[in-house]
Each structure stands twice: as structure tokens, then as C-alpha cells.
Amino acid sequence: MNIEVIVVGKLKEKYLKMGIAEYLKRLDAYANVKVIELADEPTKENMSQAEEEVVLAKEADRIKAKLDPSRKVIVLAIEGKLISSEELASQLDDYATYGQSKVTFIIGGSLGLHKSLKQSADLSISFGRITLPHQLMRLVLVEQIYRAFRIMKGHAYHK
């Protein structure tokens, strides 16, 4: 499989970078996985709804510029479908089985994702109703992708 993870914002924390690098190394046996970092828009405290909308729209434009229409798109959103590790594994397995082996996951910035991205995605998922910092969510996502492949390990998944 060929998996992209598009994320908004730069990762600064060394411990998160190290964790993500470890899972990407482990994933190398199962899939080509690439993380694409995009610039985030500056935000301030107590932004109005209109100001937040402008930030989300600008970030969405950057994300859309990187999207390939031939890829399945999965967005991470707190209001998305609650999904277990087994369900994620099953979804990736279904995509691979039915010729959709190119998948893009999208993690928004500190304000989340613009509604246009959520509406146009093939799937909107959530790993729980708690709010996690978007930087930490990167680590959680790559770990869950790795776990999904481990769940599917009985199948012939290779690059």
C-alpha cells in the first residue's frame, strides 16, 4: 500500500519525532508511508468564528493542493466515526483488496479541519471523543496504521 499522512503544522517536540520515526521504520515492511507537513496559519486567543473560518479555509486550500483524486481520503475529526484498531485494519484491507491501495490520511491544525475537507473525504474517523493535540495525533495515527498492518499480518502485504 501507498499511504500519505498530510498534517498541518511543524512538529517541534523531539520525543514525538522519535516515536513517529520508529513507527515509520516499522511500517516500511508493510507499506510506503510518507508524512507531508504543511504550514499552519497563525492563530490568536479569542478568535471570532469568522477569523477561525478564514484560518481553516487557508489551511484547507494548502491541503487540497496536495490531494491526488485517485487516492482514498480519510480525515481525522473528533466528530468522525468512532473506529477501533480492528475496524481500521479492515478498512485498509478492503481498500487494498478492491484496488484502492493509495490512501491519504489528513490531520488538521490546532483548529481542526475545514468543513469542505470533511464533506469531501471518503471517510471521517475518530479515535475517541477526547481532544488530543494535533502533534500527538500524528504519533497516535502512525501507531494505529502500524497496528492495522500487524492485525492484517496474515495477508501478503508488501510494498
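Note that the numbering runs from 1 along the sequence shown for the chain.
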Item to complete: Please step through side chain to side chain contact (heavy atoms under 4.5 Å, CB included) for the pair M1 and V103, ending with a clear verdict.
Response: CA-CA 8 Å; M1 288 193 79; V103 178; 3.6 Å; yes

Fill in: side chain to side chain contact (heavy atoms under 4.5 Å, CB included) between T104 and D68, intermediate numbers included
CA-CA 9 Å; T104 298; D68 176 344; over 6 Å; no

Worksheet item: Can you check side chain to side chain contact (heavy atoms under 4.5 Å, CB included) on I6 and F105, steps first, answer last?
Response: CA-CA 6 Å; I6 297 177; F105 288 89; over 6 Å; no

Practice prompt. Mind running side chain to side chain contact (heavy atoms under 4.5 Å, CB included) on M152 and Y30 for me, showing each step along the way?
Written response: CA-CA 10 Å; M152 299 185 296; Y30 301 101; over 6 Å; no

Item to complete: Could you give me the CA-CA distance, side-chain angles and deciding distance for R138 and E37, then say whether salt bridge (Lys or Arg N to Asp or Glu O under 4.0 Å) is met?
Response: CA-CA 11 Å; R138 293 184 202 189; E37 279 189 344; 2.6 Å; yes

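Shown here is K58, whose NZ atom has no more than 12 heavy atoms of other residues, nucleotides or ligands within 6.0 Å. Within a 6.0 Å sphere centred on NZ of K118, other residues, nucleotides and ligands contribute more than 12 heavy atoms.
Of all heavy-atom pairs spanning Q135 and L11, the tightest one is CB-CD1, 3.5 Å. A pairwise comparison of heavy atoms in V142 and L27 identifies O-CD1, 3.8 Å as the closest pair. Nearest heavy atom pair, residue V140 against residue L132, reads CG2-CD1, 4.2 Å. Between A148 and L92, the shortest heavy-atom contact is CB-CD1, 3.9 Å. Taking each heavy atom of L139 and G19 in turn, the nearest pair found is CD1-C, 3.5 Å. The heavy-atom pair separating V75 from A121 by the smallest distance is CG1-CB, 3.7 Å.
A donor-acceptor pair under 3.5 Å is formed between the side chain of D122 and the backbone N or O of V73. In this structure, R71 contributes its side chain and N2 its backbone to a donor-acceptor pair below 3.5 Å. A donor-acceptor pair under 3.5 Å is absent between the side-chain atoms of E59 and the main chain of G108, judged by distance alone. When atom types are taken as modelled, the side chain of S126 and the backbone of I78 share a donor-acceptor pair closer than 3.5 angstrom.
Connection of I83 to I107 is established within a shared hydrophobic cluster, with ILVMFWY side chains joined at heavy-atom distances below 4.5 Å, either directly or through further cluster members. M137 and I3 end up in the same hydrophobic cluster when Ile, Leu, Val, Met, Phe, Trp and Tyr side chains are linked at under 4.5 Å. Follow the hydrophobic side-chain contacts under 4.5 Å out from L123 and you reach V7 in the same cluster. Put simply, M18 and I20 are part of two different groups of oily side chains (I, L, V, M, F, W, Y) that touch within less than 4.5 Å, one to the next. Hydrophobic clustering of Ile, Leu, Val, Met, Phe, Trp and Tyr side chains at less than 4.5 Å, counting indirect connections, keeps V8 apart from L111.
Ring-plane geometry between Y23 and Y146 is classed as tilted, the angle between the planes lying from 30 to 60 degrees on a 0 to 90 degree scale.
In this structure the side chain of R129 reaches within 4.5 angstrom of the side chain of L82, judged on heavy atoms. For the pair Q144 and S85, the minimum side-chain heavy-atom distance is below 4.5 Å. Proximity of L76 to I125: side-chain heavy atoms (C-beta onward) are separated by under 4.5 Å at one or more points.
Atom CG of L67 and atom OG of S120 lie 7.5 Å apart (nearest 0.5 Å). If you take OG on S101 and CG on N32, they are separated by 10.0 Å, rounding to the nearest 0.5 Å. Taken to the nearest 0.5 Å, the CG atom of D93 stands 11.0 Å off from the CG atom of L88. Between the CG atom in L56 and the NZ atom in K115 there is a gap of 9.0 Å [rounded to 0.5 Å]. In this structure, the separation between NE2 on H134 and CG on L113 is 11.0 Å, given to the nearest 0.5 Å. For the atom pair CD (E87) and CD1 (I151), the distance works out to 10.5 Å, reported to the nearest 0.5 Å.
Between R26 and E143 there is no salt bridge, since none of the side-chain N atoms of the basic residue sits less than 4.0 Å from a carboxylate O of the acidic one.
Among the candidates K64, Q119, E52, E53, the single residue satisfying the side chain to side chain donor-acceptor pair (under 3.5 Å) test with H114 is E53.
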